[in-house]
Amino acid sequence: MCRVAKAFLILLAVSPLVAAEIDNRKILLEFFNGCLTTDYERVGVGFAYCGCATNQISKKMDLEEVLLLGLDLDGLSEREQARFLLTNKKFKEVLIECVPLLLEQ
């Protein structure tokens, strides 16, 4: 997740902040591609989950929120990142919506 956060920081430096929904294709693709670096048991399930997560984040968060999350995650271990993300209400909503896709067989 740290690579994703750093990529967001770079992209956000050159992108204007949007107040509501994230509709910047480059930023969403960067998140999606970063999500796919996780080793999912089945490739198709990974694509489904990452597509869902990307879509939900684009709807529930704005660029400023994602930037702040990225700054907070920088330097944390994977375990610390997971714990921190679970304290974010909007990120938890994304997980509730998308994690069931990981459980499908």
Side-chain angles (χ1 to χ4, degrees):
M1 188 66 159
C2 194
R3 285 185 291 196
V4 174
K6 287 180 184 177
F8 268 118
L9 291 176
I10 293 167
L11 289 172
L12 289 174
V14 296
S15 300
L17 293 179
V18 178
E21 193 173 290
I22 300 172
D23 62 0
N24 184 303
R25 185 178 179 92
K26 281 191 217 178
I27 290 173
L28 294 174
L29 279 173
E30 191 67 37
F31 178 84
F32 180 78
N33 291 332
C35 178
L36 285 177
T37 63
T38 300
D39 188 24
Y40 296 100
E41 191 172 313
R42 291 184 14 233
V43 175
V45 171
F47 275 93
Y49 171 76
C50 292
C52 178
T54 302
N55 182 45
Q56 292 299 312
I57 284 173
S58 77
K59 292 177 179 178
K60 296 181 185 302
M61 301 180 87
D62 61 34
L63 290 176
E64 184 177 1
E65 290 172 309
V66 172
L67 173 60
L68 292 172
L69 271 180
L71 289 171
D72 289 335
L73 292 173
D74 193 37
L76 298 179
S77 70
E78 283 189 38
R79 186 179 189 110
E80 291 169 327
Q81 287 179 8
R83 283 186 179 153
F84 179 79
L85 288 172
L86 289 174
T87 66
N88 183 286
K89 182 180 185 242
K90 290 181 182 179
F91 197 82
K92 278 197 284 192
E93 291 172 0
V94 170
L95 291 176
I96 290 167
E97 184 75 28
C98 301
V99 165
L101 295 171
L102 293 174
L103 305 175
E104 291 180 1
Q105 302 265 342

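Looking at every heavy atom in both residues, Val45 comes nearest to Leu101 through CG1-O, 3.4 Å. In this structure, Glu21 and Lys59 approach most closely via the heavy-atom pair CG-CA, 3.9 Å. For the pair Cys50 and Tyr40, the tightest heavy-atom approach, listed with the atom from each and the gap, is SG-OH, 3.5 Å.
In this structure, Phe32 belongs to a hydrophobic cluster whose other members, linked by side-chain heavy atoms under 4.5 Å apart, are Leu36, Val43, Phe47.
A disulfide (SG to SG under 2.5 Å) check over residues 52-82, counting only residues at least two apart or in different chains, returns the pairs Cys52-Cys98.
Remark: Asp62 CG to Asp23 CG distance equals 11.5 Å, nearest 0.5 Å. Atom CG of Asn55 is separated from atom NZ of Lys60 by 9.5 Å, given to the nearest 0.5 angstrom. Rounding to the nearest 0.5 angstrom, the gap separating the OG1 atom in Thr54 from the CG atom in Leu28 is 6.5 Å. Separating the CG atom in Leu68 from the CG atom in Leu63 is a distance of 11.0 Å, to the nearest 0.5 Å. Rounded to the nearest 0.5 angstrom, Leu76 CG and Gln81 CD are separated by 6.0 Å.
Between Lys89 and Glu93 there is a salt bridge, with a side-chain nitrogen of the basic residue lying less than 4.0 Å from a carboxylate oxygen of the acidic one.
Evaluation of the side chain to side chain donor-acceptor pair (under 3.5 Å) rule for Ser77 yields Glu80 as partners, not counting sequence neighbours. Every residue meeting the salt bridge (charged side-chain N to carboxylate O under 4.0 Å, His left out) condition with Lys90, not counting sequence neighbours, appears here in chain and number order: Glu65. With sequence neighbours excluded, the residues forming a side-chain contact (heavy atoms from CB on, under 4.5 Å) with Leu86 are Lys92, Leu95, listed by chain and number.
When the side chains of ILVMFWY residues are joined at heavy-atom separations under 4.5 Å, either directly or via intervening members, Leu29 and Leu69 end up in two distinct hydrophobic clusters.
Contact of the Val94 side chain with the Met61 side chain is not registered, since no non-hydrogen atoms from C-beta on lie closer than 4.5 Å.
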